[in-house]
Amino acid sequence: MSIEKKEFRPKIVAFCCNWCSYAGADLAGSSRLGYPADVKIIRVPCSCRVNPMFILRAFEKGADGVIMCGCHPGDCHYSTGNFYARRRMTLLFSMLDYIGVENGRTRVEWVSAAEGVKFSDTMNSFVEKIYSLGENVRLGDLRCRN
Amino acid sequence: MQRIGVFVCHCGSNIAATVDVSKVAEMALMEPGVVHAEDYQYMCSEAGQAKIADAIHEKKLTGIVVCSCSPRMHEATFRKAAERAGLNPYMVEIANIREHCSWIHKDMEEATKKAVILMRAAVAKVNLNTPLQPGESRVTKRALIIGGGIAGIQTALDIADAGYEVDIVEKTPSIGGRMSQLDKTFPTLDCSACILTPKMVEASAHEKIKIYTYSEVENVSGFVGDFTVDIRKKARSVDMDKCTGCGVCQEKCPSKKAPSEFNRGLNNRSAIYTPFAQAIPNVPVIDREACIKFKTGKCGICSKVCQAGAIDYEQKDEIITEKYGAIVVATGFDTINLDKYDEYAYSQSKDVITSLELERVMNAAGPTHGHLERLSDGKAPKEMVFIQCVGSRCSDDRGKPYCSKICCMYTAKHAMLIRDKYPDVNVTVFYIDVRTPGKNFDEFYRRAVEQYGVNYIKGQVGKVIPQPNGKLLVQGSDLLDNRQILKEADMVVLATAIEPNPDVRKIATMLTASIDTNNFLTEAHAKLRPVESPTAGIFLSGVCQGPKDIPETVAQAGAAAVKAIGLLAKDKLMTNPCTAHSDELLCNGCSTCENVCPYGAITYEDKEVNDHGIREVRRLAVVNSALCQGCGACTVACPSGAMDLQGFSNRQIIAEVDAICR
Amino acid sequence: MSSKKKQAELIEEISGVNPLKCMKCGKCSASCPSYNEMDIKPHQFVSYVINEDVESLVNSESLWKCLSCFACVERCPRDVKPGKLIDAARQMVVRQRNNTYLSPDEVPELLDPEIPQQLLVSAYRRYRR
Amino acid sequence: MQELINRAKELLDDGTVARVLGWRAGDLPYNPEPAYFENAESLKDFVYNGFCGANLSKYMIEASKLEGKTLVCLKPCDTYSFNQLIKEHRVDREKAYVIGVGCKGKLDIEKIRAQGIKGIESIEGAEITDEAETLKIQTIYGEKTCAYSDAMLERCHVCKGKEHKIYDEQIGESKETKDGERFDEVSRIEAMAPAEKFAFFKKELSKCIRCNACRNVCPACSCRKCVFDSNKFDSSQKANVDSFEEKMFHIIRAFHVAGRCTDCGECSRVCPQGIPLHLFNRKFIKDIDELYGEYQAGDDTDSKAPLTNYTFEDAEPSIVGKRG
Amino acid sequence: MKYSYYPGCTLRTKAKDLDDYARASARVLGFELEEVEDWQCCGGVYPLGTDEIATKLSSVRALNAAKKKNQELVTICSACHHVIKRVNDDMKNVEDICTRANNYMELDTPYKGETKVLHYLEVLRDRVGFDELKKKVVNPLKGKKIGAYYGCLLLRPGKLLEFDNPENPKIMEDFIRAIGAEPVIYPYRNECCGGYISLKEKDMAKSMCDKITESAEGFGADMLITACPLCMYNLNKSSAREIPVYYFTELLAEALGVKEVQA
């Protein structure tokens, strides 16, 4: 039996703030609230540590979706980090949308340490979205030279 | 090149049941830099830690990856183990293959694949780790307690008894909190005041405790061990030192129309007042909104009658700045606003009251002097209906999604006390579930039913219908008998949901303590660190962390005190070495990073640099690592990439990204 | 998928109600003005859907006694909206079986000179396809 | 121009400035280039005309390190960049003597060529003092004409205004050249379907030869060492032509200057491949204006930049998907 | 001020009074009701299934007509108000319904819930203002004790209609005060009269109406006012009690001194 077409399994990178959503993911885990294995989490001290370069890098290396999770606005462990992150990501996502990259591939969600359910729901819906979008062709393809 | 050892934990079957741990170890050996890999049942056990130590010695490891549970669980354990074996603790990284993998995936192959990727990411990161040295910071040996209720008082007493100074900041004119408003307490029916007032007195007399009443925390800066706090002492208009607490001013005050906060607005108080007779300090305050002198300039009777000359209309708010090593939040709760529950006729009928109001009605010092009577006409009720879960367990935006936890018990208490004191009064309780976990709690509830004949009906009330004759028609359902009930009552008591004190969000923001969607402060770990905030140096006491009754509050207050004492007992603290650092050769001196730093940790200096032979003086960013908390905001703001974060460097994170997307 | 299950899912879809959110507090039944006329009580609707017994639900008298007054919807603390389930069940009856609770023949005898148009219009919409 | 030269001579002579930063005539009538003039005599090569599009602010970074003051000629739009550089502590205000020079729109030789005018020998009407609406161009094929505004750079059609934001003195009149809307082009792209947008940018970006002209000319790209040249981000293969930056260079560059870019348009002007690079920067400016309130980088030297600022009520990133 | 106006089927026929008084009063109060051209009946019941589209289209047409004129859409009948406001909410917030409805309608520009729907009472409260109304009253209805009967359709679902507090409304009471009478607050004023079932379940309707009128009389009301022709019919027909029931617009016209002009 030969496999003609490989099943699409997306690569999804999730940047999670150590103080909220990373703990939220832990809570989702200990509560056994599943979400697809396609999601891989990278721990950062704060959403404001997430450089747009990291997100572009992930796409360039073949990620099909990138999600960033931080503390709810006003609840940042460092007071203001997520406010800066919010502006940075808004502008970055808008730019990606502008150059024709599907907006659904990027997302920001605020998930607190207590929101294991929200974490799992968020990941499930994000993964579902990425499946519906299929493989990320455009971002990986956006280069100067063909 | 690093020499990395990878250790894969089975966590019994927690990991091993869904992740092929030996496969993960096997794959690890194929990663660059990895010279050793093994799996073991419990890596966190002594034997497991010994394996790590042995490997460090035998294989001359320079870096460690432990594939195990969340770093929030055992990162510290493994770092200490590595340190004991002579490795810099910051050369250890954790791949979270339990919470983020084995526990949420069912398919072994899939989970194993993911575990391998997580391991790779950790290895890629460790390849770029560098040894880090934590700095030291001092500890101010004084604690601040925000909130002077039973939680705050107990925590303060416990810390003070251990020999440390404690300040209590209380917003209202007296300490005592909600507990001072209660009449009796379950499940023993002690008089609340009788057990609380001795503690209040003890706190006020304690030489290590300073109490700021009628005061609020205005600003908090600094960090664990070294917080600087501004406290606003609101103008009391009464000199604390001169006042003898004789009470004449309150008697003579002609303005007696202000609703009494202490009696939940059921009766009025004078404009100059102490909230209740046993108030501590026993010094009144002038409510400037209600005071005739402040409103019209005329009056001044209190000043005239005060023998001690303590009245001071000119008094102003005062800001006090103090240093603290630890802060305990004990801000307590209030009942929710019932504006959105008009079907219960709370705003339409005076005879529909909340349970906390009933406490005041039952209390000898309350508006009815302890007589159970209707507030509309003063008549003794014959039929009382209690409605449970008013605003609790609501997933809509009218109420709270959680169980308020205390209502089932205090309703049983109320029902029992009423039946005991007024045997001719019928008591009916509409409930959804009766929840009585706790020592002697269910027995207590059963006594209400069996011994006192309280009528419990399973089913919620749909509407309370005031009748022209002044009675209240309660329309409820009896789910067990499958019938709709129309019951005529004289009084209806609503077991109103409790919520954290609305001010707590502001306080949490000042403290950078995390708070959940219901405004309860989040604990560092739901099970293992229940009285600590994830923010170091902040501790939680009482209902600010979640609904609880008095015994639980007191227990938690003691626990919070012990945690605070543990911190105050240290002379020095190790600081987090994961701080920002600027590369002098790349820094433009543009000040962008300075603008986003929440700690003022970045300053600029003119420094001479040697840039590949060019010597020149440049304006450069300098990070004060004692102030830097390591958020990383500056690293992204920096256009040139000069600013980087130790432990979470650009290259480390990119290496993780690459490993995941490989 | 069994047809029973399909029916239950259909009713969830038409109504947009998730019956699993119900905590069985009975506030709907406590609020219902038609309670005494109903054979299946408002708080029981969710159980019928959960137990996939849509058959009993669509045959129940309650469908025609519900006033669509939304008292249960307004007061439900769990956002379950039992009234919408009844509406959905009624829809299933009028849609699937072309079964009508109101036939044109019986209308004349029900009429009186003051009846507002909207009553007839709404009765038709509620009771007939 | 002569007034400018005379004044420069004066200032050099009385020692107020040690050098003059301006433009020198090039080998062709339309390619003057930025240059330092150390003495009165050398000013004979000084030129200021419609082809002096180059923004001299960035040169002041190096000039700030030199001994003595530098006289710098800044057009109204250049002063925004200069202000921004002051704000970022990249230039020393004390080391600059700013002459705000008049501008009546700068010319784009490509636009002239696009009209079929080749073999250019000389151009008349490009002088800054000249009120002529028409350029007279002598070519090897004879005299050709071209309306001044038809030969203007795109950026001049959406000119930010003829006011100098910072100067020590002003010489020459400026003229309003704005006859278009700054964000029209961006809006047009925003309205495209995703595939269309993608095709558009892919086509444009595929022309890039990574010559770095855009980066070199950009006054906001003033980093001592560009992240693309350091090893701070890339953990591997620098030499790989296919590497990260290759693909993302222009997006990252635009992001790095977001909130700092004054929209001077130099990037597009200098691109040898004619890539409309300003469309990236202007998209960020449009978003910033719409989401966080109007902001013009370089308008002043002390306001908070949009990316180092926030409000509690800021839009959520999901707004991008919502507004479609 | 001009509003688009959706009278609805009953106001064109059986409840002509409600309509006439409303228009006459509007003129006095300085606003104009422009009837939506070719309006179609709203159906009287909000389409129950979430998957129903066709039955929502008549509302969408009226809403779109108002949008084109850039006017707010005013309704008087409680049922029309309920149906149109809820359909409008669907068009605004339920993507699926919006897309499908627009597919049916084939409009030049899709309708996305842009129109604001106002009940006549809301116009009085939010646009005219009860204080302003009070000033225009020439025959204050002094001494009249009036019970407001809201019923169910005006108020619920409260979150969606955003008309008033569904459990303790006050807009009609404020209205009663504005026209110089005394409002009587009684607990059954937001309970359903059973209007929808009054065709077939006469006994049920009677028992419900009796509860309402008994309660209102018990608290001292001399009369009831309503905004709903169905409630009006039902309370008159089904209740054993004699308490008179009026459209609120009739009392409004009376207070403004334009009742006789109409009649």
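Numbers restart at 1 for each chain; the letters A, B, ... are given by sequence-line order, proteins then strands.
Using a 4.5 Å heavy-atom threshold, the side chains of D:F255 and A:R88 count as touching. Side-chain contact between D:D287 and A:Y98: absent, with no pair of heavy atoms (C-beta onward) separated by less than 4.5 Å. Using a 4.5 Å heavy-atom threshold, the side chains of A:E102 and D:P194 count as separate. Taking the side chain as every heavy atom from C-beta outward, A:M68 and D:P317 never approach each other to under 4.5 Å. With contacts defined as side-chain heavy-atom distances shorter than 4.5 Å, the pair D:Y310/A:R86 does not qualify. Considering only heavy atoms from C-beta on, A:I99 comes within 4.5 Å of D:F280 through its side chain.
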Problem set entry | side-chain contact (heavy atoms from CB on, under 4.5 Å) assessment of A:Y84 paired with D:L307 | CA-CA 7 Å; A:Y84 298 122; D:L307 277 170; over 6 Å; no
Problem set entry | Residue pair A:R107, D:S318: steps toward the side-chain contact (heavy atoms from CB on, under 4.5 Å) verdict | CA-CA 7 Å; A:R107 191 179 292 185; D:S318 57; over 6 Å; no
Exercise. A:L91 and D:Y292: side-chain contact (heavy atoms from CB on, under 4.5 Å), yes or no, with the steps?
Worked result: CA-CA 11 Å; A:L91 291 182; D:Y292 312 125; 4.2 Å; yes
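Taking NE2 from D:H256 and CG from A:N51, the interatomic distance works out to 6.0 Å, rounded to the nearest 0.5 Å. The CG atom of A:D97 sits 11.5 Å away from the CD1 atom of D:I319 when rounded to the nearest 0.5 Å. Expressed to the nearest 0.5 Å, how far OG1 of D:T308 lies from CZ of A:F83 amounts to 14.5 Å. The CD atom of D:E290 lies 8.5 Å from the OG atom of A:S94; values are rounded to the nearest 0.5 Å.
Contacts between D:E196 and chain A at a heavy-atom distance below 4.5 Å are absent for every atom of the residue. Interface remark: D:F312 contributes backbone and side-chain atoms alike to the contact with chain A (heavy atom separation under 4.5 Å). Neither the backbone nor the side chain of D:F200 comes within contact range of chain A; no heavy atoms are under 4.5 Å apart. Heavy atoms closer than 4.5 Å to chain A are found in the backbone of D:E313, but not in its side chain.
Shortest non-hydrogen contact noted between D:N309 and A:R87 is O-CD, 3.3 Å. The minimum heavy-atom distance linking D:V320 with A:T90 is given by the pair CG2-O, 3.6 Å.
When the shell of 6.0 Å around CD of D:E316 is examined, it contains more than 12 heavy atoms from other residues, nucleotides or ligands. Residue A:E135 places its CD atom among 12 or fewer non-hydrogen atoms of other residues, nucleotides or ligands, all under 6.0 Å distant. The number of heavy atoms from other shown groups lying within 6.0 Å of NZ (D:K286) is above 12.
In terms of heavy-atom pairs under 4.5 angstrom with chain A, the leader among D:A199, D:A195, D:G259, D:A254 is D:A195. Between chain A and the residues D:I288, D:L291, D:L279, the largest count of heavy-atom pairs under 4.5 Å involves D:L279. Counting heavy-atom pairs closer than 4.5 Å to chain D, the top-ranked of the candidates A:M89, A:M95, A:E109 is A:M95.
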